[in-house]
**Q** 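Here it is, the structure in full.
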Amino acid sequence: MYFKVNQMQRQVEIEPDRLGKDVWEDVQKELKMMVEGEFSHEFGMIVKVITIHPNSEPAAVKDHSGRCEFTVKFDALVYKLFENEVLLGTVTAVDSQSIIVEAGPIRHAQITAERLPDGYEAAEDAGEEVFQRRVYVDDGDDEDDMPEMDEFSSEDVIRVGSKVRFKVVSVDVDPQHAMRAWVIGDMSDNRSLGVILDNIQ
């Protein structure tokens, strides 16, 4: 979900050679470079800085370096994910273990093979790694015979470019890299999640 968060605050450092008449413009540029794309457990992902409030506090000079530190307050558009939230995304990568999905500003949501809908198996289609659903086929020879699961469906295929609906299981922020987060998804509930066919929205 998208939210607006008011009065966020960051410390921005500016090198001595940039302390001219355009210093406030440099502070604003530096702030946006620092925070846009940043993840946190509290706010989620900072998508865009909307408003930067005029600085009312004097800059602090850092010892020995000569850098100036500005305390900057700003309003931002954030995107926060919640557990069990359902998202619509596009598959960007497939291997035998999982698929990677992009959903809005989230570039890397992983859904492992075990969390795909029932019946999907890793396969190859024209040299491309995909997940394809096996279907039951009845040969019709004996009404009492159980149908055998021996064919892949030509329609139910997950490949790069497929549209999927999935549920958020967890979101973890990399403690060493604020611009990186791991999203784990799930598509195992066949009633509401899975591949979105071209004729179904």
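Fair warning: this is a prediction, and the values are worked out from it, not measured in the lab.
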**Q** Flag yes if Val183 and Val47 sit in one hydrophobic cluster, no otherwise; membership is Ile, Leu, Val, Met, Phe, Trp, Tyr, and two members link when side-chain heavy atoms are under 4.5 Å apart.
**A** yes
**Q** Within this structure, what is the CD-CD1 distance for the pair Glu36 and Ile46, rounded to the nearest 0.5 Å?
**A** 8.5 Å
**Q** With side chains defined as the heavy atoms from C-beta onward, is the minimum distance between Met45 and Leu81 less than 4.5 Å?
**A** no
**Q** My understanding is that only residues two or more places apart in sequence, or in another chain, count here; which of them pass ring-ring contact (aromatic ring centres under 6.0 Å, His included) with Phe3?
**A** none
**Q** Would you say Val78 ends up clustered with Ile52 if hydrophobic residues are merged whenever their side chains have heavy atoms under 4.5 Å apart, either directly or through other cluster members?
**A** yes
**Q** Among Lys80, Met8, Glu38, find the one that has a side-chain contact (heavy atoms from CB on, under 4.5 Å) with Phe43.
**A** Met8
**Q** Val23: what forms a side chain to side chain contact (heavy atoms under 4.5 Å, CB included) with it, not counting sequence neighbours?
**A** Ile14, Leu19, Val27, Phe70
**Q** Given the rule in the side-chain contact (heavy atoms from CB on, under 4.5 Å) test, do Val49 and Val35 qualify, once you have shown the distances and angles that lead to the verdict?
**A** CA-CA 8 Å; Val49 174; Val35 304; 3.6 Å; yes
**Q** Has Gln7 got a side-chain atom pairing as donor or acceptor with Lys73's backbone, closer than 3.5 angstrom?
**A** no
**Q** Is there a path of hydrophobic side-chain contacts, each under 4.5 Å between heavy atoms of I/L/V/M/F/W/Y residues, joining Leu77 to Tyr79?
**A** yes
**Q** So, for Pro105 and Tyr2, which heavy atoms are closest and what is the spacing to 0.1 Å?
**A** CD-OH, 3.3 Å
**Q** About how many Å separate CD1 of Ile111 and CD1 of Ile158, when rounded to the nearest 0.5 Å?
**A** 8.0 Å
**Q** Does a side-chain heavy-atom distance below 4.5 Å link Phe131 with Pro117?
**A** no
**Q** So do the side chains of Arg115 and Phe166 get within less than 4.5 Å of each other, counting heavy atoms only?
**A** no
**Q** Can you tell me how far apart CE (Met33) and CD (Gln28) are? Round to the nearest 0.5 Å.
**A** 14.0 Å
**Q** Step by step, would you call Arg165 with Met187 a side-chain contact (heavy atoms from CB on, under 4.5 Å)?
**A** CA-CA 7 Å; Arg165 186 176 287 114; Met187 290 167 51; over 6 Å; no
**Q** Tabulate below the donor-acceptor pairs under 3.5 Å that side-chain atoms of residues 84-101 make, not counting sequence neighbours, or state none.
**A**
unit_1	atom_1	unit_2	atom_2	d
Glu85	OE1	Phe82	N	3.1
Glu85	OE2	Met1	N	3.2
Thr90	OG1	Lys163	NZ	2.9
Thr92	OG1	Ile100	O	3.3
Asp95	OD1	Gln97	N	2.8
Asp95	OD1	Ser98	N	2.9
Ser98	OG	Gln110	NE2	3.2

**Q** Can Lys167 and Asp189 be counted as an ion pair, charged N to O under 4.0 angstrom?
**A** no
**Q** Roughly how far, to the nearest 0.5 Å, is the CZ atom of Arg159 from the CG atom of Asp125?
**A** 4.5 Å
**Q** Hey, any chance Ile184 and Val168 share a hydrophobic cluster, counting ILVMFWY side chains that come within less than 4.5 Å of each other, even indirectly?
**A** no
**Q** Which value, rounded to the nearest 0.5 Å, describes the distance between Phe39 atom CZ and Ile106 atom CD1?
**A** 4.5 Å
